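Below is one structure; the comments refer to it alone.
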Amino acid sequence: MERNIPKVFESTTSEPEIYKLWESSGYSTPEKVEEYLRENGLNVEKPFTITLPPPNANGNLHLGHMCGYSFHDAFARFNRMTGHPTLLVPGKDHAGIQTESAFTKVLQNNGEDKWEMGRDEFYKRCYDFCMQNADNARTQEKNIGLSADYSREFFTLDPKLTKIIYETFYKMYEDGMVYRDKRIVNVCPSCKTALADIDTDHEERRGIFAYIIYPLIDEADKQLAKERFGVEGITVATTRPETMLGDTAVAVNPNDPRYKEFIGKKVLLPIANREIPIIAEEEVDLETGTGALKVTPAHSPVDFEIGKRQGLEIINVIDEEGKMTGNIPDRFKGMGTTDCSRALCGELTELGLLVRIENIKHEVAVCERCGTPIEPVISNQWYANVEPLAKKALEALHNGDVKVIPEGQQKALEFFYENIQPWCISRQLWWGQRIPVWYSGSKKLHDWLNENQGKTVGDFEKEFNVKANGTGEIKLGEDSPEGIWEQESDMFDTWFSSGQVPFSTLGGPEGDDYKKYYPTQMMIHARDILFWWTARMIMFGLYRTGEVPYSTVLLTGMILAADGSKMSKSKGNGIEPNDVFQKYGADALRLWYYSDALPGSNAPLREEKIKGNRNFVNKIWNASRFILMNIEDEEIEKIQGKEVADTDRVKATKEHIEKVGKYLEKYQLNLGAETIREFFWHELCDKWIEEIKTEIKDQPVGSDLRIEKLSELLWLLKKNLKIMHPFVPFVTEAVWQELVKLGLAEGVLMVEQI
RNA sequence: GGACGAUUAGCUCAGCUGGUUAGAGCAUCACAUUGACAUUGUGGAGGUCACAGGUUCGAGCCCUGUAUCGUCCACCA
């Protein structure tokens with residue numbers, strides 16, 4: 001008969017309508033699902049919760065985000081359809097340094113200046129900027145069909161969340177886990193903030209390797225050196241000549257026969273004209289350079305450690321913007337490091353102390369965000385000693401309280417915990433959560449007293465010839481205490497807050513949602529932020545709640561361009577999510593991703609593949625359409641009440657559903673996707689529909705045989721729609737609603753039980 | 001330097017605790033069909049499962065080694 005069902009599933013128009021239906025149903029809210037289950041006398045299982053990775057609030061979502069969410073959504077839908085009140089918690093991340101630099105650029109393009117604007121105004125404007133982008137991201141999330149509970153959407157800078165982050169900090173402070181320390185830290189001269197080691201990348205850059213003679217002091221030593229090396233000094237090799245102004249020693253290996261006699265002697269540091277000792281250090285490699293290492297504790301992490309062991313003086317010669325500073329000849333002051341290096345090499349050549357310069361390629365630490373080479377600088381920062389937390393996290397991994405998929409990545413995480421370093425949690429930014437600390441008098445006073453143990457406020461006043469106006473002690477809290485207190489200007493590292501989202505988004509350890517939905521069940525995120533994020537979430541979870549925040553971490557890979565290269569804006573080989581939605585629809589994209597993107601491995605995206613999946617989506621639509629068009633109006637009533645016999649087809653379908661369920665429980669979406677496609681297409685469509693076509697051929701409308709066969713067919717269709725729904729929610733729901741229109745089904749497929 | 005992973009059809013990849021003739025999608029070839037389906041159906045061709053050893057009644061899967069590629073970690077001046 002004629003029924004007005006379009007021949008093609010129009011994803012562009014249907015998908016938004018279906019999403020609206022889901023929204024108005026309210027079933028993204030777990031309480032609503034629970035209510036539904038109870039009203040229908042269905043089993044209510046344990047809640048199923050996932051905190052969604054909040055995208056950075058400063059930009060658009062890319063395909064990787066979308067596809068990641070399609071994973072979350074598949075598990076959520078499956079759980080919702082198997083009796084679990086299901087909660088996907090959506091949110092947006094303020095993403096500290098990244099947003100700050102992005103918004104600074106926006107301002108620059110407007111001809112505005114961050115420094116003129118000032119801290120408060122910047123914060124306000126940046127907030128608005130984020131809110132705008134967040135709207136955008138939210139729309140995109142909905143496009144992929146994400147059944148998240150937007151009534152619970154969070155922003156990481158929401159005061160409610162910040163309160164919980166601060167509580168964690170206070171607790172850590174009381175437990176002696178956070179402290180100020182003067183250490184060598186990575187500073188990005190462009191972003192002008194400290195960075196944790198993990199926030200740096202290593203890149204191969206071209207550089208120089210300069211051989212410089214440090215003349216010996218004593219005549220006898222000079223003679224010996226002359227005989228042995230042909231020059232009256234020790235030759236050191238360095239990739240950074242400018243740091244020589246801060247040298248406080250030359251280190252040699254005690255087992256190195258070339259230098260044995262010189263240990264304990266002194267050399268004259270050229271240009272700076274300071275005497276520095278030659279010291280013995282096991283770590284010095286005999287093979288590298290000349291075997292003699294210049295030691296600059298202030299500007300090299302290795303040297304810093306050596307300096308600490310040997311009690312060397314620390315001389316700062318480079319500031320946080322990468323400019324020469326400190327107690328150095330005036331002509332170098334304020335120079336950039338590269339210019340200074342060049343100038344020094346020139347002067348050394350004139351002095352006859354520069355042996356040669358080699359051009360080399362070497363690994364350089366660069367800022368993960370902007371690629372600027374890192375400047376190691378000594379400075380006071382807030383640190384968190386996370387070692388005890390790492391130990392607990394490691395235990396949790398060993399106990400199997402948390403499982404990482406794929407397994408290989410779990411080992412990487414264990415390795416990270418085993419080698420964990422103090423975490424620098426302060427950032428010199430304006431955007432983020434301000435560290436809730438006040439210093440009596442000034443921060444400078446506090447730090448000075450801290451690093452000069454035994455000295456007094458009076459000593460400080462003398463040293464700097466100022467009035468201290470305080471005691472240098474610290475008070476925690478957001479509001480200014482009585483008296484003269486200086487507020488901490490630094491912000492928390494953004495991971496300090498995102499590391500707590502599994503409980504901070506549920507209201508913290510006292511929250512109602514927390515009591516009901518914590519610990520969550522899964523965490524799904526991109527592999528490349530394993531250490532930044534999951535590592536911290538597990539530690540914070542154990543620390544604040546005594547429980548792991550989730551039992552399974554599923555890592556996703558990256559989506560690559562068709563040729564296997566990374567998608568990037570500069571290469572122009574990226575694919576816009578909206579183009580994919582327009583051309584093929586969300587279901588097709590989802591199904592492609594499930595099939596091709598295995599946990600932890602990257603997936604090259606080919607358009608043909610999405611097209612193939614689009615054809616399958618359309619197949620679902622058309623098979624359903626065929627069935628609907630074969631059922632005559634007068635047959636509907638009879639079919640409604642008809643029990644279906646346990647035919648081979650019915651049996652096979654039941655087995656199939658069980659099989660797919662098992663795949664989902666084992667997180668094997670690829671096998672699930674393959675199985676539903678195979679079964680629906682090649683069993684139901686190719687075989688069974690064809691069989692039934694012949695079985696009911698020439699049977700009069702309303703006859704028992706027709707009713708029996710059509711009922712069976714309808715049963716098969718519905719069962720298939722349900723089990724396919726987690727994978728291709730839009731088209732299955734669209735078909736379901738067609739059934740509802742005819743009175744052959746009820747409600748919303750989203751909460752139908754499989 | 002260390003850790004982890006990969007190597008299976010022309011391409012992209014599956015293959016669960018080892019069990020007959022090793023699978024899918026796309027591409028390709030032949031035939032059929034205008035059907036519920038921007039098609040679809042049926043059938044075919046295509047693989048020494050990187051290499052070399054070993055364990056086993058039996059190995060794509062387990063063990064040892066080699067090669068190539070990739071990712072992450074690391075302070076080599």
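What you see below is based on every heavy atom in this structure, not just the backbone, and it leaves out hydrogens, waters and symmetry mates. In the text below, chain A, chain B and the rest are named by the order of the sequence lines, each starting its count at 1. Just so you know, these numbers come straight off a predicted model, no measurement behind them.
Residue contacts shown for A:Lys609 include a base, since a base heavy atom lies under 4.0 Å away. Nucleic acid contact class of A:Asn618 (heavy atoms, under 4.0 Å, all strands): base. Counting non-hydrogen atoms under 4.0 angstrom, A:Arg240 reaches nothing in the nucleic acid. Counting any heavy atom pair closer than 4.0 Å across all strands shown, A:Phe416 reaches no nucleic acid atom. Counting non-hydrogen atoms under 4.0 angstrom, A:Tyr584 reaches nothing in the nucleic acid. Within the 4.0 angstrom heavy-atom criterion, no nucleotide atom of any strand lies near A:Leu530. Within the 4.0 angstrom heavy-atom criterion, no nucleotide atom of any strand lies near A:Val236. Backbone-only engagement by A:Asn670 is indicated by non-hydrogen atom pairs under 4.0 Å involving sugar-phosphate atoms exclusively. Contact annotation for A:Ala412: no contact, since no heavy-atom pair falls under 4.0 Å across all strands.
You'll find that the side chain of A:Val302 is closest to B:rC75, out of B:rA24, B:rA38, B:rC75. Side-chain atoms of A:Asn622 lie closest to B:rC37 of the nucleotides B:rA14, B:rC76, B:rC37. You'll find that the side chain of A:Leu293 is closest to B:rA77, out of B:rA14, B:rU40, B:rA77. Minimum atom distance to the side chain of A:Thr239 is reached by B:rA77, of the listed B:rC72, B:rA77, B:rA36. Among B:rA38, B:rG41, B:rA77, the nucleotide with an atom closest to any side-chain atom of A:Asp686 is B:rG41. Comparing B:rA77, B:rC11, B:rG25 by their closest approach to the side chain of A:His682 singles out B:rG25.
Checked against the 6.0 Å centroid criterion, the rings of A:Phe229 and A:Tyr259 qualify as a close aromatic pair.
For B:rA30, the paired base is B:rU42 (Watson-Crick or G-U wobble, both distances below 3.5 Å). In this structure, B:rC75 forms no base pair with any nucleotide, since neither Watson-Crick nor G-U wobble geometry is met with both distances under 3.5 Å. Base-pair partner of B:rA52: B:rU64 (Watson-Crick or G-U wobble, both distances under 3.5 Å). When Watson-Crick and G-U wobble pairs are counted only if both distances are under 3.5 Å, B:rC4 pairs with B:rG70. If you check B:rA24 for Watson-Crick or wobble pairing at under 3.5 angstrom, you find it paired to B:rU12.
Nucleotides B:rA59 and B:rU21, compared at atom P, are 11 Å apart to the nearest Å. Distance check on atom C1': B:rU40 versus B:rC4 gives 45 Å, rounded to whole Å. Comparing B:rA22 with B:rG58, their C1' atoms sit 15 Å apart, to the nearest whole Å. When the C1' atom is used for both B:rA3 and B:rC62, the distance is 22 Å, rounded to whole Å. Rounded to the nearest Å, the gap between the C1' atom of B:rC13 and that of B:rU7 is 12 Å. Using atom P as the reference point in both B:rC37 and B:rG19, the two lie 43 Å apart (nearest Å). When the C1' atom is used for both B:rA27 and B:rG44, the distance is 15 Å, rounded to whole Å. B:rU39 and B:rA14 have their C1' atoms separated by 27 Å, with the value rounded to a whole Å.
Contact check for A:Cys345 versus A:Ile357: side-chain heavy atoms found under the 4.5 Å cut-off.
Scanning atom types as modelled, one donor and one acceptor separated by under 3.5 angstrom connect the side chain of A:Glu690 and the base of B:rA36.
Two residues, A:Pro604 and A:Cys685, neighbour RNA chain B, and the one matched to the more 5' nucleotide by heavy-atom proximity is A:Pro604. Both A:Leu671 and A:Lys693 sit near RNA chain B, but only A:Leu671 has its closest nucleotide nearer the 5' end.
Straight-line distance from the CH2 atom of A:Trp681 to the P atom of B:rC37: 14 Å, rounded to whole Å. Taking atom CD of A:Glu283 as the reference point, atom C1' of B:rC75 lies 8 Å away to the nearest angstrom. We find that CD of A:Glu418 is positioned 14 Å from P of B:rA74, with the value rounded to whole Å. At whole-Å resolution of the value, CD1 in A:Ile696 and P in B:rA36 are 12 Å apart. As a whole-Å value, the separation of A:Glu305 CD from B:rA77 P is 17 Å. Atom pair A:Phe415:CZ and B:rG2:C1' shows a separation of 6 Å (rounding to whole Å applied). We find that CD of A:Glu414 is positioned 12 Å from P of B:rG5, with the value rounded to whole Å. Look at CD1 on A:Ile610: it is 16 Å from C1' on B:rC11, rounded to the nearest Å.
Salt-bridge formation is detected for the pair A:Arg356/A:Glu358: a Lys NZ or Arg NE/NH1/NH2 atom is positioned less than 4.0 Å from an Asp or Glu carboxylate oxygen. The existence of a salt bridge linking A:Lys611 and A:Glu608 is excluded, since no basic side-chain nitrogen approaches an acidic carboxylate oxygen closer than 4.0 Å. Taking 4.0 Å as the cut-off between side-chain N and carboxylate O, A:Arg649 and A:Glu695 count as a salt-bridged pair. The pair A:Arg625-A:Glu738 does not count as a salt bridge, with every side-chain nitrogen at least 4.0 angstrom from each carboxylate oxygen. Ionic pairing of A:Arg309 and A:Glu283 is present here: one or more N-O contacts between side-chain nitrogen and carboxylate oxygen are shorter than 4.0 angstrom. Between A:Glu242 and A:Arg240 there is a salt bridge, with a side-chain nitrogen of the basic residue lying less than 4.0 Å from a carboxylate oxygen of the acidic one.
In this model, the phosphate group of B:rA3 is not approached by any side-chain N or O of A:Lys411 to a distance below 4.0 Å at OP1 or OP2. Remark: A:Asn615 is not in phosphate contact with B:rC37, judged by side-chain N or O atoms under 4.0 Å from OP1 or OP2.
In this structure, A:Lys411 forms no cation-pi arrangement with A:Phe416, as its terminal cationic atom is not both closer than 6.0 Å to the ring centre and no more than 45° off the ring axis.
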